[in-house]
Number of protein chains: 2
Amino acid sequence: MSLPHAILTALLEKPSSGLELTRRFDKSIGYFWSATHQQIYRELGRLEEKGLIRALPAAQPARGQKKEYEVLPAGRAALTEWVSLPEDPRPVRDPLLLRVRAAGVVGASGLAAELRRHLSLHRSQLAEYEAIEKRDFPATPATEEDRLRHLVLRGGIELETFWIGWLGEAVGRLSEPERGSAP
Amino acid sequence: MSLPHAILTALLEKPSSGLELTRRFDKSIGYFWSATHQQIYRELGRLEEKGLIRALPAAQPARGQKKEYEVLPAGRAALTEWVSLPEDPRPVRDPLLLRVRAAGVVGASGLAAELRRHLSLHRSQLAEYEAIEKRDFPATPATEEDRLRHLVLRGGIELETFWIGWLGEAVGRLSEPERGSAP
DNA sequence: ATCAGTTATGCAACTAGTTGCAAAAACTCG
DNA sequence: CGAGTTTTTGCAACTAGTTGCATAACTGAT
């Protein structure tokens, strides 16, 4: 139930066409709420139908012709309400942790390599976030909006740091020798 | 694509009926791959059809009558293969981070309370994990399986620790006064 | 002009997960 | 026994996300 809100947020930050939104979902907002262009177009249609956004009146709409959307007051209101709505954290569902557990019953052959691959992916992601932090967030951020965006980025950074730490631990453990049989 | 593998893992650890599996998915395996009973029954059906598991021959199957499943060699093979298959980490999709970002554009009223609520949920979860760690994992684990299970639990612990840290940071920032207007 | 490539929108079909409910079997207690 | 509760399995309909492809408009080269 968050995609519409992600789109409303993105459109409030800057009115855009579907494709522009898609590109922005490949970075920035997309770092913590990813979506494909099909999802975005479908949702734009729904939001327009519900009267939360509207297409800027340019030409009569035709397929293949660019359409820019902006948020209507009702859309802003809906987003405002959602921000403080109680909603429990969703249960964790992580394939990698599951695979390590499965390795406990069927053996860990080949898993270490996969963990190392993930480790390096997370390192790149962390580096990317840190570059953004350095570029966009100077020592004392000016606006409340900047402070909150920085906070979200910190979340990304700390999450990647968690993965890097855990994966390092895991790779180490997997290469440990078996215990208990030798003197 | 991980639910079938979660079920195979659980069944290898101990052959079970659908309901027993459901209960085990409320803890243990479910801590990092949650599933409802309907998902589980449906998937058990599919796995049986594909010849990866079978119902222990007890009585003729009838609705409402308990059915125990065990993993067949083909099922074990499928799981073994999956464990080391390359599969990229899925993109992050977290509603809470999104809400903080949205708060940047529509204002953060009420958000701090929700963050505090999440903070306390994560603290409970962490306490639960730590109790399990103390209970189930003594200083030097005996088997490889134990070591891997402990590793997974460590993942849960560190993930909760990340959330607690970040949420603490966030709650602090949200209660900071506005800057830049007073001398 | 027209053809190729890029930009932009969108449909259709699929997989995964959620919600609400039904219904058979087994248990239980007067 | 049998009426009511619990256990256990399951269907149906829905929401969310993914994959593959179609199609229109624009852009620039020949």
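Each chain gets a letter, A, B and so on, in the order the sequences are listed, and its residues count up from 1. Model, not experiment: these values are computed from the prediction.
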Contact class for [X] (heavy atom, under 4.0 Å): base, sugar-phosphate, or nothing?
{"X": "A:Ser17", "value": "sugar-phosphate"}
{"X": "A:Arg93", "value": "sugar-phosphate"}
{"X": "A:Arg23", "value": "sugar-phosphate"}

Of the listed nucleotides [options], the one nearest the side chain of [X]:
{"X": "A:His37", "options": "D:dC21, C:dA16, D:dT9", "result": "D:dC21"}
{"X": "B:Leu3", "options": "C:dG17, C:dT9, D:dG20", "result": "C:dG17"}
{"X": "A:Arg46", "options": "D:dC21, D:dA16, D:dT9", "result": "D:dA16"}
{"X": "A:Gln38", "options": "C:dG10, D:dG17, D:dG10", "result": "C:dG10"}
{"X": "A:Gln39", "options": "D:dG17, C:dT9, C:dT18", "result": "D:dG17"}
{"X": "A:Leu19", "options": "C:dA8, D:dG17, D:dT9", "result": "C:dA8"}

### Query
Distance check: side-chain N/O of A:Lys67 vs OP1/OP2 of C:dG10, anything under 4.0 Å?
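Yes.
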### Message
Looking at B:Tyr41, I'd like to know whether one of its side-chain N or O atoms comes within less than 4.0 Å of OP1 or OP2 on D:dG10.
### Response
no
Roughly, in whole Å, what's the span from [atom1] in [X] to [atom2] in [N]?
{"X": "B:Asp26", "N": "D:dT7", "atom1": "CG", "atom2": "P", "result": "14 Å"}
{"X": "A:Arg42", "N": "D:dG17", "atom1": "CZ", "atom2": "P", "result": "9 Å"}
{"X": "B:Arg90", "N": "D:dT19", "atom1": "CZ", "atom2": "C1'", "result": "15 Å"}
{"X": "B:Glu87", "N": "C:dA16", "atom1": "CD", "atom2": "P", "result": "11 Å"}
{"X": "B:Ile7", "N": "D:dT9", "atom1": "CD1", "atom2": "P", "result": "12 Å"}
{"X": "A:Ile40", "N": "D:dT18", "atom1": "CD1", "atom2": "P", "result": "11 Å"}
{"X": "B:Leu44", "N": "D:dT8", "atom1": "CG", "atom2": "P", "result": "14 Å"}
{"X": "B:Lys50", "N": "C:dT15", "atom1": "NZ", "atom2": "P", "result": "11 Å"}

### Task
Using the six-membered ring wherever Trp is involved, compare the ring planes of B:Tyr31 and B:Tyr129 and label them parallel, tilted or perpendicular (cut-offs 30° and 60°).
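Perpendicular, since the angle between the ring planes exceeds 60°.
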Run the salt-bridge test on [X] and [Y] with the 4.0 Å N-O cut-off and return the result as yes or no.
{"X": "B:Glu160", "Y": "B:Arg123", "answer": "no"}
{"X": "A:Glu13", "Y": "A:Arg149", "answer": "yes"}
{"X": "A:Glu48", "Y": "A:Arg54", "answer": "no"}

### Query
Does A:Ser34 or B:Gly18 map to a spot on DNA chain D nearer the 5' end, using the closest nucleotide for each?
B:Gly18
### Task
Would you sort out whether B:Arg101 and A:Ser28 count as a side chain to side chain donor-acceptor pair (under 3.5 Å), showing the intermediate values?
CA-CA 10 Å; B:Arg101 171 92 171 226; A:Ser28 193; 2.8 Å; yes
